[in-house]
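Have a look at the structure below, then the notes.
If you read the sequence from its start, that first residue is 1, and numbering goes on from there. The basis for the numbers below is simple: all heavy atoms, side chains too, and nothing from hydrogens, waters or symmetry mates.
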Amino acid sequence: MKLRRVLFIIFLISNSSLLLSQPNPISIDLRNNGIKLDAKLYLVNEVNSSPTLILLHGFPGNPNSPYGLAEKIINNGINVLVFNYEGSFKSEGTFSWENCMADVGAAVSFLKQKATIEKFQIDTSRIYVCGCSLGAAFVLSSAIYNTDIKNIIAVVGGNDLSIYLQKINKDLAFRTALEKRISSATSPNGPIKGDSAYIHNYFDQIIPNYEYFDLIKNADKFKNKKILFITGFLDTTVPMEEFILPTYRHLKNMYPESVSIEAFETDHTFANKREELATAISEWIKNK
């Protein structure tokens, strides 16, 4: 693994003259059912078309790229699309898990539009979706219902949202703490549109339908997809033992050639391993 990564880095350096990365992203008109999302596209200028990565933030996220990954990944010859979910930051609409999942599909559809392909030279056979933290759960849940999502990277996430909902339903202390954390990010003091009452009522509405998000029960829907899980040994926010490894093991047993995992000596923020994280993501994409 280390030798392959060294060779990959040497390849990037030796071809650096071909990678004239766009220094600043351009704003794009990304919409989900007419709802405008604040979205940007980082482009790499190459003779041939490049792979494109849709990069999803966690909760509450930020108006730029998660973990600063977009700026690093374009230097590896990969286009990057970033956006904020409905009802967050400058995006229109209402924030909900289902809307976030639909937003992911809207981003994939945008890249497959004829006008987008022609304008940005998008290679639709090389579209990847990488979610960080809650974004990882969104892309995996979206992939259950969207056959166009085929190449998935789940960073410090990949947690099964159905597990959260069952825990919310059974553990009042957990629910109270989670709702408090979410509410602290809502308006007027945070970037998420809504309030504590909305959050409480929202969970009441979706708890009975927790199986809609269940990755294990819907594991057959991942048959033709490739998945890379990336996690941190020191992550106590989304501990791998509880939220990631059960899903990984189940899918790995079903699809041993299509599912893989990498773990780093770091926490949920990947604060000390972001260069390595960008390299791991880029290497996986380049080798597909």
Worksheet item: Is the backbone of Ile285 close enough, under 3.5 Å, to the side chain of Arg126 for a donor and an acceptor to pair up by distance?
Response: no

Item to complete: Take atom NZ of Lys226 as the centre, draw a 6.0 Å sphere, and report whether it contains more than 12 heavy atoms from other residues, nucleotides or ligands.
Response: no

Worksheet item: How would you list all residue pairs meeting salt bridge (charged side-chain N to carboxylate O under 4.0 Å, His left out) that involve residues 129-156, not counting sequence neighbours?
Response: Lys112-Asp148

Worksheet, complete the sentence: Partner of Trp97 under ring pair (Phe, Tyr, Trp, His ring centres under 6.0 Å), picked from Tyr210, Tyr85, Phe203, is Phe203

Worksheet item: Any side-chain heavy atom of Glu86 sitting closer than 4.5 Å to one from Leu37?
Response: yes

Discussion item. Any non-hydrogen side-chain atom of Val129 less than 4.5 Å from a side-chain atom of Ser142?
Written reply: no

Worksheet item: Between Asn79 and Ser50, what is the shortest heavy-atom contact and its length?
Response: ND2-O, 3.8 Å

Worksheet item: Hey, what's the ring geometry for Tyr164 with Phe243, parallel, tilted or perpendicular (30° and 60° as the breaks)?
Response: parallel

Item to complete: Begin from the C-alpha positions of Thr266 and Asn272 and carry the test side chain to side chain donor-acceptor pair (under 3.5 Å) through to its verdict.
Response: CA-CA 7 Å; Thr266 190; Asn272 65 323; 2.6 Å; yes

Discussion item. Evaluate Glu242 against Lys167 for side-chain contact (heavy atoms from CB on, under 4.5 Å), listing each step before the verdict.
Written reply: CA-CA 12 Å; Glu242 182 177 6; Lys167 196 167 184 176; 3.2 Å; yes

Fill in: Closest heavy-atom pair and its distance - Tyr128, Pro51
CE1-CB, 4.0 Å

Worksheet entry | Contact list for residues 198-208, test salt bridge (charged side-chain N to carboxylate O under 4.0 Å, His left out), sequence neighbours left out | Arg175-Asp204

Practice prompt. Enter the distance from Asp160:CG to Asn218:CG here, rounded to the nearest 0.5 Å.
Written response: 9.0 Å

Discussion item. Under 4.5 Å between side-chain heavy atoms, counting indirect links through other Ile/Leu/Val/Met/Phe/Trp/Tyr residues: same cluster for Ile216 and Tyr255 or not?
Written reply: no

Discussion item. I'd like to know whether NZ of Lys180 has more than 12 heavy-atom contacts from other residues, nucleotides or ligands below 6.0 angstrom.
Written reply: no

Worksheet item: Are His57 and Asn84 close enough, and set up right, to give a side-chain contact (heavy atoms from CB on, under 4.5 Å), and what steps lead you there?
Response: CA-CA 8 Å; His57 64 75; Asn84 292 122; 3.1 Å; yes

Discussion item. Test of understanding: with salt bridge (charged side-chain N to carboxylate O under 4.0 Å, His left out), list the residues that count as partners of Asp267, not counting sequence neighbours.
Written reply: none

Worksheet item: Under 3.5 Å, side chain of Glu92 to main-chain N/O of Ile35, donor-acceptor pair present?
Response: no

Worksheet item: Side-chain contact, heavy-atom cut-off 4.5 Å: Ile26 with Phe120?
Response: yes

Worksheet item: Between the side chain of Ser184 and the main-chain N/O of Arg181, is any donor-acceptor distance below 3.5 Å?
Response: yes

Fill in: Pairwise side-chain contact, Cys130 with Ile281, heavy-atom cut-off 4.5 Å (strictly under)
yes

Item to complete: Take the angle between the ring planes of Tyr198 and Tyr202 and call it parallel below 30°, perpendicular above 60°, tilted in between.
Response: parallel

Item to complete: Answer with yes or no after comparing the ring centroid distance for Phe83 and Phe110 against a 6.0 Å cut-off, counting only values under it.
Response: no

Discussion item. Measuring from atom CG of Leu215 to atom OG of Ser162, what distance do you get when rounded to the nearest 0.5 angstrom?
Written reply: 6.5 Å

Practice prompt. Determine, for Phe264 and Lys273, whether the Lys NZ or Arg CZ falls below 6.0 Å from the six-membered ring centre while staying within 45 degrees of the axis.
Written response: no

Discussion item. Measuring from atom CD1 of Ile192 to atom OG of Ser183, what distance do you get when rounded to the nearest 0.5 angstrom?
Written reply: 11.0 Å

Practice prompt. Answer yes or no: is there a donor N or O on one side and an acceptor on the other, between the side chain of Asn99 and the main chain of Thr94, under 3.5 Å?
Written response: yes

Worksheet item: Is Met101 linked to Phe89 within one hydrophobic cluster, defined over Ile, Leu, Val, Met, Phe, Trp and Tyr using a side-chain heavy-atom separation of less than 4.5 Å?
Response: no

Worksheet item: Does some side-chain heavy atom of Leu69 sit less than 4.5 Å from a side-chain heavy atom of Val155?
Response: no

Worksheet item: Is there side-chain contact between Tyr248 and Met240, with at least one heavy-atom pair below 4.5 Å?
Response: no

Fill in: Verdict with reasoning, Ser260 to Trp284, per side-chain contact (heavy atoms from CB on, under 4.5 Å)
CA-CA 10 Å; Ser260 57; Trp284 190 78; 3.9 Å; yes

Practice prompt. Establish whether Val139 and Leu165 are linked, either directly or via other cluster members, by ILVMFWY side-chain heavy-atom contacts under 4.5 Å.
Written response: yes

Item to complete: Mind listing the closest non-hydrogen atom pair of Ile127 and Asp123 along with its distance?
Response: CG1-O, 3.9 Å

Worksheet entry | Flag if over 12 foreign heavy atoms under 6.0 Å of NZ, Lys119 | no

Fill in: Heavy-atom closest pair, residues Ser49 and Gln121
CB-O, 3.2 Å

Item to complete: Determine yes or no for a side-chain-to-main-chain donor-acceptor pair under 3.5 angstrom, with Lys225 supplying the side chain and Ile149 the backbone.
Response: yes

Worksheet item: Leu234, Leu277: one ILVMFWY side-chain cluster at the under-4.5 Å cut-off?
Response: no

Item to complete: Please report the closest heavy-atom contact between Asp235 and His268, naming both atoms and the distance.
Response: OD2-ND1, 2.8 Å

Worksheet, complete the sentence: Separation between CG (Leu172) and OG1 (Thr176), nearest 0.5 Å, reads 4.0 Å

Fill in: Side-chain donor or acceptor of Asn253 paired with backbone N/O of Arg249 under 3.5 Å
yes

Discussion item. Within this structure, what is the NZ-CG distance for the pair Lys252 and Leu245, rounded to the nearest 0.5 Å?
Written reply: 13.0 Å

Practice prompt. Might you confirm whether atom CG of Asp29 has over 12 heavy atoms from other residues, nucleotides or ligands at distances under 6.0 Å?
Written response: yes

Worksheet item: Would a 4.5 Å heavy-atom cut-off, applied to side chains only, mark Leu140 and Ile227 as touching?
Response: yes

Response to the item:
Tightest non-hydrogen contact, residues Leu228 and Ala280, listed as CD2-O, 4.4 Å

Discussion item. With a 4.5 Å cut-off on side-chain heavy atoms, are Lys90 and Pro63 touching?
Written reply: no

Practice prompt. Supply the atom-to-atom distance Asn201 CG to Ile206 CD1, rounded to the nearest 0.5 angstrom.
Written response: 12.0 Å

Item to complete: Any chance you could lay out the side-chain contact (heavy atoms from CB on, under 4.5 Å) test for Asn24 and Tyr42, step after step, and finish with the verdict?
Response: CA-CA 7 Å; Asn24 297 305; Tyr42 294 77; over 6 Å; no

